[in-house]
Amino acid sequence: MSGFYPLDQQFDGGKTGKRESMSRKRPPKREHKLIAFKAFFDTDRDILEWWEGMQDGERSEVIRELLRGYVRGLSLYEARRPKVSVDGNVVLQVLDDTAWIRGALNDMPAYLEGLLGRISIYTPPPMQPESSAALSKDNLSNDALARRKAKMGKVGW
């Protein structure tokens, strides 16, 4: 005889104290394999700091993402690129803004052509020949120019 029941008797579930109506069947456990490695305090300090910096419950998912990305051939940086959650309204606003900018750039040549067509170009009236007393660029007569040249000749630099 082993335990409470003789070997030749059938097990009776009623003798265990569990009631049939109260027992709930649990779903079967998922099969798994534990993958672990040692991290040493002297050589793996950076890994340990990164590990301890993560929130509880996030570590397994991060390791899975890194390994899946590496298996796909991505670098570790690309495998764990930060994911930013974006509000759908922000995406729609960016879409609308982009469409507006594209439309403005497409309309710009026609707008500039119309603007430049409306600008009048000022042309100065043609100059009339001077009177008999010839004036220089500074509107000086020949006598005044001669006096100026004489003064300049006397000045020593």
Side-chain angles (χ1 to χ4, degrees), residues 18-157:
K18 290 185 180 180
R19 296 185 183 159
E20 197 64 34
S21 63
M22 302 258 318
S23 69
R24 294 180 186 171
K25 292 199 173 193
R26 290 186 178 176
K29 286 188 175 183
R30 292 171 54 190
E31 292 186 25
H32 69 278
K33 180 169 194 113
L34 180 65
I35 301 173
F37 71 96
K38 291 181 183 178
F40 298 98
F41 289 106
D42 56 349
T43 56
D44 300 325
R45 173 71 56 194
D46 54 343
I47 295 172
L48 290 169
E49 288 173 0
W50 170 73
W51 184 260
E52 294 299 326
M54 281 190 274
Q55 295 177 356
D56 291 342
E58 183 182 77
R59 294 175 178 154
S60 292
E61 190 60 34
V62 168
I63 295 296
R64 283 186 183 97
E65 287 178 21
L66 285 171
L67 291 173
R68 284 188 181 115
Y70 188 76
V71 167
R72 287 192 310 255
L74 299 174
S75 69
L76 290 180
Y77 173 75
E78 292 171 334
R80 183 58 180 148
R81 186 172 297 151
K83 294 178 177 114
V84 178
S85 61
V86 178
D87 183 18
N89 294 332
V90 173
V91 174
L92 292 175
Q93 184 64 42
V94 169
L95 181 67
D96 291 342
D97 291 347
T98 305
W100 181 85
I101 291 170
R102 183 179 295 122
L105 289 174
N106 286 335
D107 294 342
M108 182 122 4
Y111 172 77
L112 290 175
E113 185 178 328
L115 181 66
L116 292 174
R118 287 183 276 160
I119 296 175
S120 64
I121 300 173
Y122 172 74
T123 55
M127 294 191 69
Q128 304 223 352
E130 294 295 327
S131 61
S132 60
L135 298 176
S136 69
K137 294 179 188 174
D138 297 332
N139 292 333
L140 298 175
S141 66
N142 289 336
D143 295 334
L145 273 175
R147 280 193 310 258
R148 183 178 275 184
K149 284 182 183 179
K151 268 185 160 178
M152 292 296 289
K154 293 178 186 176
V155 175
W157 296 97

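Keep in mind it's a predicted model, so treat the numbers as computed, not measured. Positions are given from 1, in the same order as the sequence printed here.
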Distance col, row Lys149:NZ vs Met152:CE, nearest 0.5 angstrom, shows 11.5 Å

Shortest non-hydrogen pair, Leu48 vs Phe40, comes out as CD1-O, 3.8 Å

Rounding to 0.5 Å, atoms OH (Tyr111) and CG (Leu116) come to a distance of 9.5 Å

Taken to the nearest 0.5 Å, the spacing of Ile63 CD1 from Trp51 CH2 works out to 4.5 Å

Looking only at heavy atoms, the pair that brings Val62 and Met54 closest together is CG2-SD, 3.6 Å

Distance col, row Leu67:CG vs Arg72:CZ, nearest 0.5 angstrom, shows 11.0 Å

Output for pair (Asp107 CG, Arg102 CZ), nearest 0.5 Å, gives 12.5 Å

In terms of side-chain heavy atoms, does Asp97 have a donor or acceptor partner in Gln93 at a distance below 3.5 Å?
yes

